[in-house]
Amino acid sequence: MTDATAAPPTPAAAGPDERRYSPGLEGVLAGETALGRVDGQQGRLLYRGYRIGDLVERGSYGAVANLLWTDAWDASHRLPTAAVPDPVVAILRALPASAKPMDALRTAVSAWGATQTLDWPPTVEQARALTSFSPSALAAFARLREGKDPIEPDPSLDLAEGFLFQLNGERPDHGTARALDAYFIVGAEHGFNASTFTARVITSTRSDIASAVAGAIGTMKGPLHGGAPSEVVDQLAKVRSVDRAEAWIRGALDRGERLMGFGHRVYRAYDPRAAALRTVAESMEHKPDWLELAIQVEDVALRLLAERHPERAIKTNVEYYAAPVLQGVGLTPDLFPATFSLARHAGWTAHVLEQAAMNRLIRPDVRYVGPSERDVPG
Ligand code: ACO
């Protein structure tokens, strides 16, 4: 770690502020972390030094969450879902059935925080409790909006399997549980993305872990962050068949549209999470019937994107193969963003712990560009 106490550059007492400003904080080093390394040039993603592909192959979400929280690797570590406190169920019951699952999840996390004693500093136990609460809360809302009662957690099931059980009322088969577990692992952590940064800012004020995660969910809800695997499904429905792919994609690019599931702010190489999820999707027993079409359309899309943007590598991103995995495990597209949030709980809460351990209030400067000093009229 570098010396975080070194005095920051200060503007001259008077006169214009010449310090460099980077819109969106793009390229600005805003912290240090030992949790995840995103190597956009090489297309590599490491959690505490371990390659994402290896973690998917040999780990489970419980083991990966524990790794992020404690830096200890124990492949047998399990993380069952936890019960939803009665006041939180009452609040979820009061929401309109039309509420977005992301709004319901954010509300549930906030309400959960109000039922807990969340002293400073945040602890691994708090991180574990919140990460295992949220899948039960989302499953409860998904059932309540259909007029069904929530299902109590089965402590013998690991997190992804338990979530599907509480959603559907029956245990998923092994392959289905394993596929969602793999999705949870690849979604667990991704550096200083907007929602993680939000969680760290909130934590830096010594606020509690539930406030940090509620804020992070609110940030992830935005379409520029939460991603769009459901739009990948819509896009493939419009393409319909591989022989129409080239004409359809050329038309979309001519109209200035973005191809969903391609491009990334950081990755210039193939997103390693997409590679891991493609393998998972192909090995699923209940894969969607459009998976083969997705694989063929991907080749056409990559070729045409390279043709259009020879200056910029636009490759497949995680959302492209998240779509068949999430649909294959039986989730409806409106649950995709909130399910992504469930997966990111491990990373958010690990960043909360890391921020608290080396805390300094995050409070950057802003350049004033308004009117110069003047008198109030009259
Ligand atoms: N399809 C077509 N053109 C694209 C795409 C795409 N998917 N992605 C980038 N481009 C083009 C842009 O049109 C732009 O071209 P121009 O300079 O001629 O206008 C150029 O590439 C650069 O685009 P930026 O938006 O500056 O690139 P950035 O890397 O910041 O964008 C983003 C990243 C927002 C993800 C973008 O690639 C995109 O919109 N992709 C489609 C949506 C998507 O898949 N989102 C999920 C992202 S992964 C995640 O959030 C977890």
Side-chain angles (χ1 to χ4, degrees), residues 22-28 36 38-41 43-45 47 52 102 182-199 216-239 245-278 294 297-327 333 336-348:
S22 177
L25 299 185
E26 193 168 351
V28 171
V38 184
D39 179 347
Q41 292 304 324
R44 290 158 65 84
L45 174 61
Y47 294 172
I52 190 69
M102 282 295 263
Y183 171 80
F184 270 52
I185 292 171
V186 306
E189 152 62 9
H190 210 238
F192 259 34
N193 56 83
S195 58
T196 299
F197 190 59
T198 302
I217 295 169
T219 306
M220 188 176 261
K221 189 184 165 202
L224 294 189
H225 183 16
S230 55
E231 293 185 47
V232 171
V233 182
D234 295 344
Q235 182 175 274
L236 287 166
K238 286 180 195 152
V239 173
E246 177 143 358
W248 190 89
I249 292 171
R250 280 194 193 282
L253 294 176
D254 287 346
R255 292 189 297 275
E257 292 173 12
R258 302 280 173 113
L259 297 184
M260 291 299 137
F262 297 91
H264 197 271
R265 175 61 66 80
V266 179
Y267 289 117
R268 290 293 151 257
Y270 201 100
D271 186 333
R273 303 169 298 172
L277 289 183
R278 175 177 168 164
V297 168
E298 180 189 20
D299 288 341
V300 180
L302 288 174
R303 177 165 54 78
L304 297 184
L305 283 168
E307 200 179 90
R308 277 307 151 113
H309 291 280
E311 79 301 341
R312 182 182 190 87
I314 303 176
K315 305 289 189 195
T316 314
N317 69 44
V318 62
E319 307 290 17
Y320 196 74
Y321 285 108
V325 171
L326 293 177
Q327 180 139 333
F336 290 1
T339 306
F340 182 24
S341 288
L342 297 182
R344 188 52 61 83
H345 269 54
W348 286 334

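Just follow the structure's listing: the first ligand is 1, and inside any ligand the first atom is 1. Quick caveat: nothing in here was measured; it's all calculated off a predicted structure.
- Inter-residue side-chain proximity for Leu25 and Phe197 is flagged as met; some heavy-atom pair is nearer than 4.5 Å.
- If you check each of Met260, Lys315, His309, Glu26 against atom 17 (O) of ligand 1, the one with the closest non-hydrogen atom is His309.
- Polar contact with ligand 1: present for His264 (N/O pair, distance under 3.5 Å).
- Residue-level proximity to ligand 1 for Glu231 is absent, since no heavy atom of it falls below 4.0 angstrom.
- Distance alone, capped at 3.5 Å, is enough to place a donor-acceptor pair between the Tyr47 side chain and the Val186 backbone.
- With distances taken over non-hydrogen atoms, the option nearest atom 35 (C) of ligand 1 out of Gly263, Gly256, Ala313 is Gly263.
- With a 4.0 Å cut-off on non-hydrogen atoms, Arg312 touches ligand 1 through its side chain and not its backbone.
- Every atom of ligand 1 is numbered from 1 in the order shown, and the set under 4.0 Å from a heavy atom of Leu253 is 2 (C).
- The pair Asp271-Arg278 does not count as a salt bridge, with every side-chain nitrogen at least 4.0 angstrom from each carboxylate oxygen.
- Numbered from 1 in the order shown, with element, the atoms of ligand 1 that lie under 4.0 Å from a heavy atom of Arg265 read 29 (O), 30 (O), 33 (C).
- Other residues, nucleotides and ligands place no more than 12 heavy atoms under 6.0 Å from the CZ atom of Arg44.
- With a 4.5 Å cut-off on side-chain heavy atoms, Phe336 and Glu319 do not count as touching.
- Considering backbone and side-chain N/O atoms, Glu257 never comes within less than 3.5 Å of an N/O atom of ligand 1.
- Under the 4.5 Å side-chain criterion, counting only non-hydrogen atoms from C-beta, Leu302 is in contact with Phe262.
- Interface of Leu305 with ligand 1, defined as ligand atoms under 4.0 Å from a residue heavy atom, comprises 1 (N), 2 (C).
- Taking only nitrogen or oxygen atoms, main chain and side chain alike, Val318 does not reach within less than 3.5 Å of ligand 1.
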(request) Decide side-chain contact (heavy atoms from CB on, under 4.5 Å) for Val318 and Tyr267; before the verdict, give the C-alpha distance in whole Å, the side-chain angles of both, and the deciding distance to 0.1 Å. (result) CA-CA 10 Å; Val318 62; Tyr267 289 117; over 6 Å; no
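- Below 4.0 Å from some heavy atom of Gly261 lie the following atoms of ligand 1, by number and element: 43 (C), 44 (O).
- By the 30° and 60° cut-offs, the orientation of the rings of His264 relative to His190 is perpendicular.
- With ligand atoms numbered from 1 in the order given, ligand 1 contributes 46 (C), 48 (S), 49 (C), 50 (O), 51 (C) to contacts under 4.0 Å with heavy atoms of Glu319.
- For Arg268, the closest heavy-atom approach to ligand 1 falls below 4.0 Å.
- Each of Val233, Asp234, Val232 was checked for a side chain to side chain contact (heavy atoms under 4.5 Å, CB included) with Leu236, and the lone residue meeting it is Val232.
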